> 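Could you have a look at this structure, given as C-alpha cells, before my questions?
Order of the sequence lines sets the chain letters (A, B, ...), proteins ahead of strands, with each chain counted from 1. All of these numbers come straight from a predicted model, not from anything done at the bench.
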Amino acid sequence: MELAPELVEEIQRKKTRVKELPALEGAEKGVVMRFAPNPSGPLHLGHARAAVLNDAYVRKYGGKYILRIEDTDPKRVDTDAYAMVREDIEWLGISVHEIIYQSDRFDLYYTLAQELIGKGGAYVCTCENEQFRELKLAKKPCPCRDGEVETNLGLWQEMLDGEFSEGTASVRVRTDLDHPDPAMRDYPIFRILNSPPHPRMEAQVYPLMNFSVAVDDHTLGVTHVIRGKDHIANTRRQRYIFDYFGWKPPVYRHYGRMSIEGVVLSTSQMREGIQDGRFQGWDDIRLGTLRALARRGIRPQAVRDAMEEIGIGETDISFSWENLFAKNRAFVDPEANRYFFVPDPVEVSISDAPEQTAHALLHPGDAERGRRDIHFSGRALLPGEEIRDVPGMVRLKDLFNVTLRQEHGIMEFTYGGESLAVAREAGAPIIQWLPPDAAVPCTLVTPAGERQGACEQGARTEAGRVVQFERIGFARIDSVSPEGIIAYFTHK
RNA sequence: GCUGCUAUAGUGUAGGGGCCAAUCAUGUCGGCCUUUCACGCCGACGACUGGGGUUCAAAUCCCCAUAGCAGCACCA
C-alpha cells in the first residue's frame, strides 16, 4: 500500500514545521537586511543564528539580503575565510542578493569622516589610551576635544597622509561626556595601523566598526538589523552617527547570548588547534563549525529549523544538541539506508547452524528500496559486548537464534533454531552480525573518540551519504577505500 | 565600580491583565507497533526566580531583591 504523496508531504511538514517568527515593526513593505561576519574563519553555530534569522525575515517579508564582509581589521582577516564564509552561507541555503566588502569602501568612510569632523561631530585625538580612559571615567574632556574644526580637519588630513604612526592618533565621535554609561563617551571611529597589511587593499587609516557599520547600514538602505545583544551598546553608539548626519536608523533587534556546550567555537582556539595538529581541520568533528556539522551528516535545513525555533528572544539560552538532532533525525531517518555495524567484533563459530542467506531491508519503511543479502556459512562477527551474558540467547537479526554457553572457560555458540517467537520469549536481544569474509573494516568517528568495527559491504556504495547502523545510530560515510570505511557518527 | 539587557518544565519555545490549575517541540519514563535500543502511535512526568505593590482580577503592569549575560578596546 502506498500513501498519497501529498499526505506524506503533509506528515513530513508537520514533523519539521517551525512556528512563525514574531513580526518586525515597519516590515510590511519589505525589508533590507544584512548578515555581517568578520572573515576570520569559517562560520559556526553562533553565526548561523544571525545568518538564518535575517534570511528568514527577508523570506517572510520580501526584500533584500546583503552579505557584508566586515574586514576592517587586518589583524583579524584570514584570506581563506572569504571563500569559506561564502561556502557556508551557500550550504545554509541562504539567498544572498548582494555581497559587500567593507575593504572596498574605505574612500566612502574617509569622505564621510571628513564631513563628520567638519560638522564638529568628531575630532582627532592624540591622547594616550590610558590617559583618555581615566578622563573618560571621570567624565572629563581630553585636551584634543576642544580643538577647532579647522585644526581637526588638518590633523585628519595628516592622518591620511601617513604623518602619524600606529597608535598615535585616532578619531573620536563627540558624544556626551556626562553620559551615565561610560561606554558611550567619545568612542573612537578611526585608528592608524601600520601592519599587518590588508590582504585586499592598502591603508593605514582604518575605520572602526561603529563607523563603518553605521555608514553601511545607511548607505545600503538596511531597514532592519538582527544581531546579538552584545551589540546593544554599539547600537546606541551608532545612533550618534545617524543623528549627526540626520539619517534614519534601522529597526534593531538584539537576541540573547547563546552558549553551546561541548564544541570549540572560538576561531582563534580552532586555528591554534589545527596548527598544532590537535584538530584535523576546520571540519573536525569536535568543532562547532557548520562544515563540521555537515561532515557529521547534519542537514542545513535542520540547522535552519533549529535557529528559527530559537528565534530572536532576548533571553540568554543554551543551545540544545538534542533539539537539533531531533530535527535532523526527521530529515535523515526516511532516507538513510540501514546496515549492520559490529563494534569491537569477535569472530565466533556457531555449531550446528545451517548455511543460509539473510535478507534484510535497506529501509524498514520502504521495501521497494531493495534488500541486503548477507550470507552465513558457519562463522560470524558479533559485537563483543553483546555476548557476555552466559548462559543466554541472542538472535542474529534476520537470521536465527544462537545459544551461549560456557564450557571450561570457553564460550560456545550453538544454533538455537529459526523461531523468532522463541527468541522473544527468551528475551533474547536481536543483534547485528557480519560474515567474517565479507565484512569491511570500519572506523566510526565520534566526538568522544574513534570506535573500531566492521560493517557491511553495501556501505561502500554510500560515500557522502548518511546511513543508519542498526542499533548504533546514524552516521555519514565519510570515505571509502580498499582498506575500509571511515564513518562519522551523526546522532542516535 | 559604572551602564544596560534578560528571567515560563532538563532544553528550546508560546502566552504581554480574566479564555492559563499555562502552548508546542524536544527530553525522560511506561505501553503499543516492530526481526534496530530507529521511525510511528498512545499515555505519564515536568515550569511562571523571590518579595512587595496596582487591580474586582497578575505568568502578563510597577517597584525592590536575587541570578545570568553583555558593554565600559585605537576587535567585530
> Touch check for A:Glu70, heavy atoms < 4.0 angstrom, all strands: base, sugar-phosphate only, or nothing?
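A:Glu70: backbone/sugar contact only, no base atoms under 4.0 Å.
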> By the rule that syn is within 90° of 0, classify the base conformation of B:rG10 as syn or anti.
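Anti conformation here, the glycosidic angle of B:rG10 being more than 90° from 0.
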> Dump the pairs, protein N or O against N or O of nucleotides 62-66 of chain B, anything under 3.5 Å, distances to one decimal.
none

> Work out how far the P atom of B:rC63 is from that of B:rC24, and round it to whole angstrom.
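It works out to 33 Å between them.
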> Can you name the residues that form a side chain to side chain contact (heavy atoms under 4.5 Å, CB included) with A:Pro188, not counting sequence neighbours?
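Testing A:Pro188 for side chain to side chain contact (heavy atoms under 4.5 Å, CB included), a comparison that skips the adjacent residues, returns A:Arg172, A:Leu208.
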> Under 4.0 Å: is that the gap between some side-chain N or O of A:Arg329 and OP1 or OP2 of B:rG27?
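True: A:Arg329 side-chain N/O within range (under 4.0 Å) of B:rG27 OP1/OP2.
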> Measuring to OP1 and OP2 of B:rA70, would you say a side-chain N or O of A:Arg257 lies under 4.0 angstrom away?
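A:Arg257 to B:rA70 OP1/OP2: side-chain N or O found under 4.0 Å.
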> Less than 4.0 angstrom from a charged side-chain N to a carboxylate O is my criterion; do A:Arg271 and A:Asp78 meet it?
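A:Asp78 and A:Arg271: salt-bridged.
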> Heavy atoms under 4.0 Å, any strand shown: does A:Gln102 hit a base, just sugar-phosphate, or nothing?
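Nothing, no heavy atom under 4.0 Å.
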> Under 3.5 Å, side-chain donor or acceptor atoms of residues 129-138 of chain A against the rest of the protein: list the pairs with distances, not counting sequence neighbours.
none

> For RNA chain B, what residues of residues 122-141 of chain A have any heavy atom nearer than 4.0 Å?
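Of all residues in residues 122-141 of chain A, the ones placing a heavy atom under 4.0 Å from RNA chain B are A:Cys127, A:Asn129, A:Arg133, A:Lys136.
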> Determine, for A:Asp333 against A:Arg338, whether the closest basic-nitrogen to carboxylate-oxygen distance falls under 4.0 angstrom.
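So A:Asp333 pairs with A:Arg338 through a salt bridge.
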> What is the separation between atom CD1 on A:Ile312 and atom P on B:rG12, rounded to the nearest whole Å?
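Taking atom P of B:rG12 as the reference, CD1 of A:Ile312 is at 17 Å.
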> For A:Gly167, report the nucleic acid contact type (base, sugar-phosphate, nothing); a contact means any heavy atom under 4.0 Å.
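If one applies the 4.0 Å heavy-atom cut-off, A:Gly167 turns out to touch a base.
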> Which part of the nucleic acid, if any, lies within reach of A:Phe474 when heavy atoms closer than 4.0 Å are counted: base, sugar-phosphate only, or nothing?
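Sugar-phosphate, no base atom in range.
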> With a 4.5 Å heavy-atom cut-off, do A:Arg299 and A:Glu335 have their side chains touching?
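Heavy-atom side-chain distance check passes, below 4.5 Å.
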> Does any pair with a residue in residues 413-422 of chain A pass side-chain hydrogen bond (donor to acceptor under 3.5 Å, both in side chains), and if so which ones, sequence neighbours excluded?
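As it turns out, the side-chain hydrogen bond (donor to acceptor under 3.5 Å, both in side chains) pairs with a partner in residues 413-422 of chain A, which skip direct neighbours, are A:Gln356-A:Glu418, A:Tyr415-A:Glu418.
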> Using atom C1' in both nucleotides, what's the gap between B:rA21 and B:rC69 to the nearest angstrom?
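Roughly 33 Å separates the two C1' atoms.
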> Please say which of A:Phe164, A:Tyr109, A:Trp156, A:Tyr123 ends up in a ring-ring contact (aromatic ring centres under 6.0 Å, His included) with A:Phe190.
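Passing option: A:Trp156.
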> Give one of base, sugar-phosphate or nothing for A:Pro364, where a contact means two heavy atoms less than 4.0 Å apart.
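Answer is base: heavy atoms of A:Pro364 come under 4.0 Å of a base.
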> For a quick check of understanding: with a heavy-atom distance under 4.0 Å over all strands, which category does A:Ser259 fall into, base, sugar-phosphate or nothing?
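Counting heavy atoms under 4.0 Å across all strands, no contact is made by A:Ser259.
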> Are more than 12 heavy atoms, taken from residues, nucleotides or ligands other than A:Lys139, located less than 6.0 Å from that residue's NZ atom?
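Check passes, neighbour count above 12.
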> Does a nitrogen or oxygen in the side chain of A:Ser318 sit under 4.0 Å from OP1 or OP2 of B:rG12?
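Answer yes for this pair, as a side-chain N or O of A:Ser318 is under 4.0 Å from OP1 or OP2.
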> Counting primed atoms plus P, OP1 and OP2 as sugar-phosphate and everything else as base, spell out the protein contacts along nucleotides 2-7 of chain B at 4.0 Å heavy-atom distance: B, S or - for each nucleotide, 5' to 3'.
BSSBSS
> List for me each residue that meets side chain to side chain contact (heavy atoms under 4.5 Å, CB included) alongside A:Asp55, sequence neighbours excluded, and say none if there are none.
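A:Asp55 satisfies side chain to side chain contact (heavy atoms under 4.5 Å, CB included) with A:Arg59, A:Tyr65, A:Ile94, A:Ser95, A:Arg304 only.
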> Can you sort out the partners of A:Asn337 under side chain to side chain donor-acceptor pair (under 3.5 Å), two or more places apart, ordered by chain and number?
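In terms of side chain to side chain donor-acceptor pair (under 3.5 Å), with neighbours along the sequence ignored, A:Asn337 is linked to A:Arg369, A:Glu462.
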> Using a 4.0 Å heavy-atom cut-off, does A:Lys75 contact any base of the nucleic acid, only the sugar-phosphate backbone, or nothing at all?
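If one applies the 4.0 Å heavy-atom cut-off, A:Lys75 turns out to touch nothing in the nucleic acid.
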> Taking 4.0 angstrom as the limit, do A:Glu70 and A:Arg227 come out as a salt bridge?
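Looking at A:Arg227 together with A:Glu70, the answer is no, because their closest N to O distance does not fall below 4.0 Å.
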> Can you name the side chain to side chain contact (heavy atoms under 4.5 Å, CB included) partners of A:Ala27, sequence neighbours left out?
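A:Ala27 satisfies side chain to side chain contact (heavy atoms under 4.5 Å, CB included) with A:Leu24, A:Val31, A:Tyr61, A:His224 only.
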> Does A:Arg68 come within less than 4.0 Å of A:Asp217, counting only side-chain N to carboxylate O?
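So A:Arg68 pairs with A:Asp217 through a salt bridge.
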> Taking only residues two or more places apart in sequence or in another chain, which ones pass side chain to side chain donor-acceptor pair (under 3.5 Å) with A:Asn54?
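A:Asn54: no side chain to side chain donor-acceptor pair (under 3.5 Å) contacts found.
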> Considering every strand and a 4.0 Å limit on heavy-atom distances, what is the contact class for A:Leu420: base, sugar-phosphate, or nothing?
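Answer is base: heavy atoms of A:Leu420 come under 4.0 Å of a base.
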> RNA chain B in dot-bracket, Watson-Crick or G-U pairs under 3.5 Å, [ ] crossing, | other strand?
(((((((..(((.....[.....)))((((((.......))))))...(((((..]....))))))))))))....
> Taking only residues two or more places apart in sequence, or in another chain, which ones meet A:His359 in a side chain to side chain contact (heavy atoms under 4.5 Å, CB included)?
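Scan of A:His359 (side chain to side chain contact (heavy atoms under 4.5 Å, CB included), adjacent residues dropped) gives A:Thr357, A:Arg371, A:Asp373.
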